[in-house]
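Residue numbers start from 1 in every chain, and the chains themselves are labelled A, B, ... in the order their sequence lines are given, proteins ahead of strands. Heavy atoms only: backbone and side chains are in, while hydrogens, waters and symmetry mates are out.
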Amino acid sequence: MRLSKLFFQTLRDDPAEAEMPSHRLLLRAGYVRQLGSGIYSLLPLGWRVTQRVEQIVREEMDGIGGQEVLMPVVHPADLWRESGRYDSVGPEMARFKDRGGRDMVLAMTHEEVVADLLREVIHSYRQLPVMIYHFQTKFRDEPRSRGGLIRVREFTMKDSYSCDRDAAGLNRSYQDHYAAYSRIFDRLGLRTVAVASDVGMMGGSQAHEFMVLNPAGEDVLVLCEACGYSANRQVAPVAVAAPPAEALLPVEEVATPHAATIADLAALLGVPESRTAKATFFVADDGRLVTAIVRGDFEVNETKLANALQARDLRPAHAEEITDAGMVPGYASPIGAHGTVVVVDRLAAGSPNLVAGANREGFHLRNVNAGRDFRPDLVTEIASVRAGDPCPRCGAPVELRNGIEVGNIFKLGTRYTEALGATYLGEDGERHPIVMGSYGIGLGRAVACIVEEHHDEKGIAWPPQVAPYPAHLVALGAAREPRVAETAERLYAAACAAGREPLYDDRDESPGVKLTDAELLGMPLIVTISPRSLAAGGAEVTDRASGARSVRPLDEVEALLADRAAGGA
RNA sequence: CGGGGUGUGGCGUAGUGGCUAACGCACGUGCUUUGGGAGCACGAGAUCGUGGGUUCGAGUCCCACCGCCCCGACCA
């Protein structure tokens with residue numbers, strides 16, 4: 001591709017709105033353009049990278065027996081009513097009416113369509129297992145997009161769906177995907193860690209997320225260096241031992257002016273935070289006011305709490321809602337409260353004689369014990385793992401890291417097939433629901449993550465497997481020295497003929513512009529042809545990632561450009 | 001949805017009530033230049049986010065709305 005013809009534009013200055021390296025560089029190098037919040041166009045270079053990524057994903061999906069299909073973006077709402085998700089999914093799903101007044105949705109995922117296809121196509125156990133997948137646009141009206149391509153509203157996703165006879169088949173499909181995903185991210189040049197995760201809106205029994213470690217990641221991961229344990233903090237169990245039992249002491253009120261936070265309280269009373277109880281308040285989607293009690297040295301884990309309550313949604317409670325239940329924010333405890341579901345963290349319940357709120361401005365109670373002084377509606381684990389807490393598997397201190405989710409795998413089970421009546425006739429002559437799994441990879445997010453991991457201060461440095469072009473030919477001083485243009489044209493033509501079309505900067509630009517653009521654009525190999533290089537016996541070859549450069553004879557350069565396996569300089 | 005910020009040629013910015021809205025980059029033409037974002041000259045390009053208001057006069061002050069960014073809430 002000749003740069004003189006390429007639809008692109010590099011920017012000298014960083015666009016003001018871009019903060020993350022991937023966002024900044026993809027914009028500056030002319031790979032993408034923003035149309036609206038969380039809505040991007042892919043320019044030719046960006047589209048080529050995406051296609052390279054897509055092809056790698058396709059090969060690995062085909063490798064585990066996947067069959068590519070294409071399912072629609074616009075679905076009749078009735079389909080989503082059948083699964084119950086038309087009502088359970090919130091405003092992140094775009095809805096509209098067609099001209100006939102029928103309710104329609106823009107698909108944010110395709111379980112329903114797959115289940116619909118299954119009930120039409122699959123009748124017998126002989127047709128199972130089967131796995132289908134597609135690359136399709138998804139629209140999710142996120143409350144807030146962010147981070148350039150990391151979190152967008154419209155994006156392309158590879159989603160695959162395994163369809164098995166039973167749980168054992170699902171396990172195999174799940175393992176196949178797990179292995180395929182590991183190969184995919186490896187090939188993409190992404191170092192990922194697979195973490196056990198929450199099943200969220202998908203439902204199902206088991207899920208893993210493939211995470212790229214990145215400080216800008218929106219998820220917090222619990223990692224153990226000692227044994228390799230890894231989990232999303234949303235689900236990671238707290239393995240902190242309960243303190244030794246003590247005799248339960250009588251409750252005693254103590255004045256604690258201006259001690260509305262745990263830190264202030266602990267300092268004022270001279271007790272460790274672990275000897276206090278912290279109350280936080282939520283309102284569930286069904287209207288229940290939830291009082292969550294964790295030990296003062298822990299934070300509430302909203303995912304665990306929501307799961308414990310079987311609530312779809314939790315929001316922080318307003319002060320009036322807390323007061324209405326007979327509690328005093330800042331000095332609150334369940335003692336004397338009414339009209340609230342009290343959920344106590346396992347560890348808080350197992351820690352005796354804690355300091356808790358007195359429900360009186362400026363006062364706390366010493367020696368509060370769950371069960372004796374108030375009755376919890378539920379005692380279960382609702383606290384989040386902290387950095388340095390013992391690993392739930394081996395006990396070594398765990399580490400907390402942020403991660404970006406680039407892929408996930410879910411065991412769905414029969415939730416959708418039962419709802420939609422997608423069944424097969426088994427060997428036993430009985431009708432059984434098909435057992436499904438669903439597996440996603442966000443392509444744009446993967447591209448952004450690759451840039452996050454493969455860039456320097458000068459620009460992008462694509463791994464060869466995903467680079468839009470294998471090399472970047474730069475002709476310098478061509479106007480002055482006809483041999484430069486001739487040589488560059490010859491190398492370009494030869495590479496194209498070998499099926500390895502490079503980028504070719506044939507523009508009438510100054511050397512500085514061309515060289516900085518080459519580094520910004522990030523092709524793995526930069527080949528510079530100039531009077532100087534010709535005098536030195538050939539062309540200068542620079543490995544973008546390492547910066548290693550050397551002048552090579554022209555026939556060697558020609559072979560390098562044509563060689564599919566060529567990597568470095 | 002809460003909090004914060006921001007909106008001026010394609011990009012980055014200046015312009016805190018007063019003449020024809022300024023600068024750098026990018027863009028066009030010509031000449032010069034050619035290994036690290038070149039020089040000179042000429043030129044094109046902005047209803048200053050939108051609507052209302054205050055004022056003799058508004059890019060600038062006030063109100064409302066909209067867009068975008070960040071933090072949080074949210075989230076396969």
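Classification of R58(A) and E68(A) as a salt-bridged pair holds, one side-chain N sitting under 4.0 Å from a carboxylate O. Using a cut-off of 4.0 Å between Lys/Arg side-chain N and Asp/Glu carboxylate O, R12(A) and D517(A) are scored as not salt-bridged. Salt-bridge check for E111(A) with R85(A): passed, with a basic side-chain N closer than 4.0 Å to an acidic carboxylate O.
Spacing between rA46(B) and rG36(B) at atom P, rounded to whole Å, works out to 36 Å. Comparing the P positions of rU50(B) and rG10(B) gives an interatomic distance of 13 Å, to the nearest angstrom. Separation of the P atoms belonging to rC25(B) and rC19(B) is 26 Å when rounded to the nearest angstrom. Annotation: rG4(B) and rC40(B) have their P atoms spaced 46 Å apart (nearest Å).
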| message | Each nucleotide in nucleotides 11-16 of chain B should get exactly one letter: B, S or -. Can you fill that in based on protein heavy atoms under 4.0 Å? | response | BSS---
| message | For a quick check, with a 4.0 angstrom heavy-atom cut-off, what is the B/S/- contact string for nucleotides 41-46 of chain B, read 5' to 3'? | response | ------
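Between the CE atom of M20(A) and the P atom of rC69(B) there is a distance of 14 Å, given to the nearest Å. Between N402(A) atom CG and rG72(B) atom P the separation is 10 Å, expressed in whole Å.
At a cut-off of 3.5 Å, with distance as the only test, no side-chain donor of S162(A) or H177(A) sits close to an acceptor on the other residue. With hydrogens and angles left out, the side-chain atoms of H23(A) and Y40(A) include a donor and acceptor closer than 3.5 Å. Between the side chains of N301(A) and Q234(A), no donor N or O sits under 3.5 Å from an acceptor N or O.
In the interface, the side chain of R28(A) is paired with the base of rG37(B) through a donor and an acceptor atom under 3.5 Å apart. Taking 3.5 Å as the limit, the base of rG35(B) and the side chain of S530(A) contain a donor-acceptor pair of atoms between them. For a distance-only test at 3.5 Å, the side chain of Q9(A) fails to qualify as a donor-acceptor partner of the base of rG10(B).
For the pair R95(A) and Y86(A), the cation-pi criterion (under 6.0 Å, within 45° of the ring axis) is fulfilled. Remark: R386(A) is positioned above the aromatic ring of F298(A), its terminal NZ or CZ atom under 6.0 angstrom from the ring centre and at most 45 degrees off the axis.
As judged by a 4.0 angstrom heavy-atom cut-off over every strand, S37(A) is placed among residues touching the sugar-phosphate backbone only. At a threshold of 4.0 angstrom between heavy atoms, the contacts of T528(A) include nucleobase atoms, whether or not backbone atoms are also involved. At a threshold of 4.0 angstrom between heavy atoms, the contacts of G36(A) are confined to the sugar-phosphate backbone, with no base atom among them. Residue R151(A) is in base contact, counting any heavy-atom pair closer than 4.0 Å across all strands shown. As judged by a 4.0 angstrom heavy-atom cut-off over every strand, L27(A) is placed among residues making no nucleic acid contact. Across all strands, E19(A) comes closer than 4.0 Å only to sugar-phosphate atoms, never to a base (heavy-atom distances). Within 4.0 Å (heavy atoms only), E302(A) reaches sugar-phosphate atoms of the nucleic acid but no base atom.
Nearest to the side chain of E509(A), among rG72(B), rC27(B), rC68(B), sits rC27(B). Of the candidate nucleotides rC70(B), rG37(B), rC74(B), rC70(B) has the atom lying nearest to any side-chain atom of R144(A). Of the candidate nucleotides rG35(B), rU34(B), rC74(B), rC74(B) has the atom nearest to the side chain of R146(A).
Put simply, T516(A) has no side-chain N or O that comes within less than 4.0 Å of OP1 or OP2 on rG37(B). Between rU33(B) and R480(A), no contact under 4.0 Å exists linking OP1 or OP2 to a side-chain N or O.
Side chains of V212(A) and E453(A) form a contact here, defined as non-hydrogen atoms less than 4.5 Å apart.
Applying the salt bridge (Lys or Arg N to Asp or Glu O under 4.0 Å) test to R315(A) and every residue at least two apart in sequence or in another chain returns E321(A).
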